[in-house]
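To start, the structure itself, in structure tokens.
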Amino acid sequence: MQEPVKSAELAAAHTKEASAKRPAEATAIDGRPGEGNGSPGSGSRENGPDGLEGKPSNFIWEIIEEDIKQGVFHRQIHTRFPPEPNGYLHIGHAKAICVDFGTAARFGGVCNLRFDDTNPTKEDTEYVESIMEDVRWLGFDWEDRLYYASDYFEQLYEYAVQLIKMGKAYVCDLSPDEVREYRGTLTEPGRESPYRNRSVEENLDLFRRMRAGEFPDGSRTLRAKIDMAAGNINLRDPVLYRIQHATHHRTGDKWCIYPTYDFAHPLSDAIEGITHSLCTLEFEDHRPLYNWLLETLQIPEPPKQIEFARLELTRTVTSKRKLRRLVEEGYVRGWDDPRLPTLKGMRRRGYPPEAIRDFCERLGVTKTKGVVAIEYLEHVVREDLNRRALRRMAVLRPLKVVLTNYPEGQVEWVEVENNPEDPQAGTRRVPFSRELYIERDDFLENPPPKFYRLAPGREVRLKGAYIVRCNEVVKDPATGEVVELRCTYDPATRSGGAAAAGESGEAGEAGGRRVKATIHWVSAGHAIPAEVRLYDYLFLTDDPDEGGDFIANLNPNSLEVLTSCLVEPSLADARVGDRFQFLRHGYFCVDPDSEVAGSTGTETAPRTGEQGEARLPRLVFNRTVSLRDTWAKVQAKVRSD
RNA sequence: UGGGGAGUCGCCAAGCGGUAAGGCACCGGACUUUGGAUCCGGCAUACGCAGGUUCGAAUCCUGCCUCCCCAGCCA
């Protein structure tokens, strides 16, 4: 999936801007170690508010700083992001990626991408492709450091042999059930396996034959010989190797024994020269085992495991099981459904990767488990898009307006700014004519207090054009539904012109009226049809598990598809992935479905490109996030009064 | 009744013995040709609880309470 040129440029500008604003975090934001940054660590710190004695911004950096001061490692700071290729990446992984890559960058080190592929029955290359794409999309670069735990199988095997020779590991014939029985419980110690004291020779022979495929799945394991009475269950002779006659997605049928995570992880870290192995809290209990292996095998300057709290969001599920259920049972349209917290979903929805990174960085890194309000993510996304997104006018629920005093057939191209936040974004011309469409919500026949948009006899400004007055309301005689507004415009009020009423400094002229509202519009004869998909939270409760069943908390209205939208003609050249702010609505992103003509029945008139470049057969927009809506609050308050 | 963690505003989070940063949310107000953005102001006598040490503690000590994780040949 390619980032459109337009977005890429904006992204670059954004990064620059962000860096300028927060020099101390520049390298973390950039996330690209060793790129145009001689000494990211010290360099950025000197510019920070705290100077050289500045305080680390999280406990992990504090530890690393101390390690550097103590000279613990005689190599550069080296981290890794170690996903198992058995699923798609989601927002939770985004934080881990930011922490792993960001930490390395902070200290001028590097971060590896390593697939933890030690369980052939659950993994697939489809996932490795997808994961690489997502990490890249997020903006991180592992350069030439792409690794697989499966690349180390031979070395890991040798380490296992070494343990056996040291009398620190043994082949155990207990069945899975027996192993569990012997393990004891949380409060009772385990019992030693009857196979625990086999001779080194016998263990070596058995382990070799395990590898040779002489035994069936589950019949034997290689176990570390530690302490069956340990309070930490991970130390009760943990399994290091299991027999699985399964085809591995990378090593094929070369192996029928596979190392467990507990064995493979610390040693893979060691092999890669990792200095700091950052992972989530649930691995705290594994650290003693992690260290035991490194110590026992006498790994010099062993990597240090540090755990931090994973990211949890309200109204969101990230467990593989739950995500799979949502997808497989059709509650959403696929792994990239914009309502999902998968990176694919977020990308399709229009969340900029820069915003996701910014979000993760602003949350900080701690050991405190928490659930972040999804509103915070939305805030960060709005903040980002407000700076960069080009403004466009789109009428989602059209209501026809005829300007009775505007000459038939006349068209004026009014100039409107592309982004008031960014003068550099320039302006564009939008056609204005006698027949227009405005938002249905912008007219109310019986306006409540504080509603200051259009109503019979009232005036509003049409963005970038004139002030209009509503004189007549045309209704469908059968249903009573308002089908058209007949208005008049005031030629003296055109935007930008010296005569733009009352707003050129000379207070109170042009009839002394000061419109209280400016609304968006499109010209009936020029507008382009479009489909707009409005997303709401997937769940009705902050905690999807409230009440026990997350399916029961699904929001039945999480997707609203509007197929009669009209957008301004400049959007004709939009490309998939482009992001815009639709004035007064929110931020929207062109959906890939735009490339498939009429797949959901939205008939878009065939359009031909003017600059040789093929236009999309139709336009489908996803609402990334709405604008803050103060009016909604006012309404709510009025209602409750 | 085992082991490992965590408890600072509704949410995230600074603080590392010197008298509670910041962001989100919320509430006011200014400004505004997006009821957007922006700007200004308000928002923890209080840091899980109880003692103790100290001139002084969210920060040190003691005890207690609450919550989370661990009994896959998953990661």
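Each chain gets a letter, A, B and so on, in the order the sequences are listed, and its residues count up from 1.
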*Distance, P atom - from B:C12 to B:G48, rounded to whole angstrom*: 14 Å
*Classify the nucleic acid contact of A:G364 as base, sugar-phosphate or nothing, counting any heavy atom under 4.0 Å across all strands shown.*
nothing
*asked:* When you measure only distances, ignoring hydrogens and angles, does the side chain of A:R287 come within 3.5 Å of the base of B:G4 through a donor and an acceptor?
replied: no
*Is a donor-acceptor contact shorter than 3.5 angstrom present between the side chain of A:D285 and the base of B:G3?*
yes
*Carefully, step by step, assess A:R310 and A:E282 under the rule salt bridge (charged side-chain N to carboxylate O under 4.0 Å, His left out).*
CA-CA 9 Å; A:R310 57 155 24 109; A:E282 67 268 30; 3.3 Å; yes
*From the list B:G23, B:C26, B:U34, which nucleotide is the closest neighbour of the side chain of A:R628?*
B:C26
*Counting side-chain heavy atoms from CB outward, which of B:C73, B:C24, B:U33 is closest to A:S495?*
B:U33
*With a 4.0 Å cut-off on heavy atoms, is A:H585 in touch with a base, just the backbone sugar-phosphate, or nothing at all?*
nothing
*Choose from B:G35, B:A75, B:A37 the nucleotide whose nearest atom is closest to any side-chain atom of A:R242.*
B:A75
_NZ or CZ of A:R191 within 45° of A:Y182 ring axis and under 6.0 Å_ = yes
*Please figure out whether A:H379 or A:R584 has its closest RNA chain B nucleotide nearer the 5' end.*
A:H379
_If the glycosidic angle sits within 90 degrees of zero it is syn, else anti. Tell me which applies to B:G35._
anti
*Residues, nucleotides or ligands: over 12 heavy atoms within 6.0 Å of A:K367 NZ*: yes
*Which nucleotide in the list B:A75, B:C73, B:C16 gets nearest to the side chain of A:E62?*
B:C16
*Any idea which of B:G35, B:A6, B:A75 is nearest the A:N119 side chain?*
B:A75
*Rounded distance (Å) that lies between atom C1' of B:C11 and atom OH of A:Y537*: 13 Å
*Give a yes/no answer on whether the side chain of A:T366 brings an N or O atom under 4.0 Å of OP1 or OP2 in B:A6.*
no
_Counterpart base for B:C49, defined by Watson-Crick or G-U wobble contacts under 3.5 Å_ = B:G63
*When you measure from the side chain of A:R183, which nucleotide among B:G35, B:G4, B:A71 comes out closest?*
B:A71
*With no angle test and no hydrogens, is the base of B:G36 tied to the side chain of A:E421 by a donor-acceptor pair under 3.5 Å?*
yes
_Over all strands shown, is A:L174 touching base, sugar-phosphate only, or nothing at heavy-atom distances under 4.0 angstrom?_
base
*In whole angstrom, what separates A:H286's NE2 from B:A71's C1'?*
11 Å
*Using the C1' atom in both, what is the distance from B:C49 to B:A6, to the nearest Å?*
16 Å
*Take A:H379 and A:E383 through the side-chain hydrogen bond (donor to acceptor under 3.5 Å, both in side chains) test and state the conclusion after the steps.*
CA-CA 6 Å; A:H379 164 79; A:E383 191 176 86; 3.3 Å; yes
*Using the P atom on both, measure B:A58 against B:G41 and round to a whole Å.*
28 Å
*By centroid distance (under 5.5 Å) and plane angle (under 30°), are A:Y261 and B:A75 in a stacked arrangement?*
no
*Roughly, in whole Å, what's the span from CD in A:E378 to P in B:A37?*
13 Å
*Answer with base, sugar-phosphate or nothing: what part of the nucleic acid does A:T121 contact at a heavy-atom distance below 4.0 Å?*
nothing
*asked:* I'd like to know if A:Y452 reaches the base of B:G35 with its side chain, counting only an N/O donor and acceptor under 3.5 Å.
replied: yes
*Touch class at under 4.0 angstrom, heavy-atom based, for A:V634 against every strand present*: nothing
*Hey, is the side chain of A:Q244 pairing donor to acceptor with the base of B:C73 inside 3.5 Å?*
no
_Pairwise C1' distance for B:C24 and B:A14, with rounding to whole Å_ = 15 Å
*Parallel, tilted or perpendicular: which describes the rings of A:Y147 and A:Y152, with under 30° parallel and over 60° perpendicular?*
tilted
*Greater than 12 external heavy atoms within 6.0 Å of A:K450's NZ*: no
*Name the closest nucleotide to the A:T260 side chain, picking from B:G36, B:G3, B:A75.*
B:A75
*Report the base-pairing partner of B:C31 (Watson-Crick or G-U wobble, both distances below 3.5 angstrom), or none.*
none
_What contact category does A:K633 fall into here, base, sugar-phosphate, or nothing, at under 4.0 angstrom with non-hydrogen atoms?_
sugar-phosphate
_Students often get this wrong, so: under 4.0 angstrom with heavy atoms, is A:G464 touching a base, only sugar-phosphate, or nothing?_
base
*Determine which nucleotide pairs with B:A71, using a 3.5 Å limit on both distances of a Watson-Crick or G-U wobble pair.*
none
*Check every atom of B:G36, B:C27, B:G35 against the side chain of A:R453 and return the nucleotide holding the closest atom.*
B:G35
*Judged by modelled atom types alone, do A:Y466 and A:E412 share a side-chain donor-acceptor pair under 3.5 Å?*
yes
*Between A:T630 and B:G36, is there a side-chain N or O to OP1/OP2 distance below 4.0 Å?*
yes
_From CG of A:D545 over to P of B:C68, roughly how many Å is that when rounded to an integer?_
13 Å
*In whole Å, what separates the C1' atom of B:A50 from that of B:C55?*
23 Å
*asked:* Is there a side-chain contact between A:T368 and the phosphate of B:A6, meaning an N or O under 4.0 Å from OP1 or OP2?
replied: no
*Have A:R250 and A:T125 got a donor and an acceptor in their side chains that come within less than 3.5 Å?*
no
*Return no unless some side-chain N or O of A:R180 is found under 4.0 Å from OP1 or OP2 of B:G72.*
yes
*Look at A:R362 and B:A13 and indicate whether a side-chain polar atom (N or O) is within less than 4.0 Å of OP1 or OP2.*
no
_Shortest side-chain distance from A:A373, nucleotide among B:G2, B:C11, B:A75_ = B:C11
*Tell me what A:P288 touches on the nucleic acid: a base, only sugar-phosphate, or nothing, going by heavy atoms under 4.0 Å.*
nothing
_Counting distance alone, no hydrogens or angles: does the base of B:U34 have a donor or acceptor under 3.5 Å from a partner atom on the side chain of A:Q581?_
yes
*When you measure from the side chain of A:K369, which nucleotide among B:C73, B:U33, B:C69 comes out closest?*
B:C69
*Do the rings of A:H585 and A:F588 sit parallel, tilted or perpendicular, given the 30° and 60° boundaries?*
perpendicular
*Look through every strand shown and name the nucleotide pairing with B:A37 as Watson-Crick or G-U wobble, where both distances are under 3.5 Å.*
none
_Ionic contact status for A:K463 with A:E417, cut-off 4.0 Å_ = yes
*If you measure from the P atom in B:C40 to the same atom in B:G22, how many Å do you get, rounded?*
13 Å
*asked:* If I pick the P atom on B:U59 and the same atom on B:G17, what distance separates them, to the nearest angstrom?
replied: 11 Å
*Considering only atom P, compute the distance from B:G23 to B:C39 and round it to an integer number of Å.*
10 Å
*So what does A:Y241 hit on the nucleic acid, given a heavy-atom distance under 4.0 Å: a base, only sugar-phosphate, or nothing?*
nothing
*How close or far is atom P of B:A37 from atom CG of A:D629, stated in whole angstroms?*
10 Å
_When you measure from the side-chain N and O atoms of A:K367 to the phosphate of B:G7, is any distance below 4.0 Å, counting only OP1 and OP2?_
no
*Of A:L363 and A:G184, whose closest RNA chain B nucleotide lies nearer the 5' terminus?*
A:L363
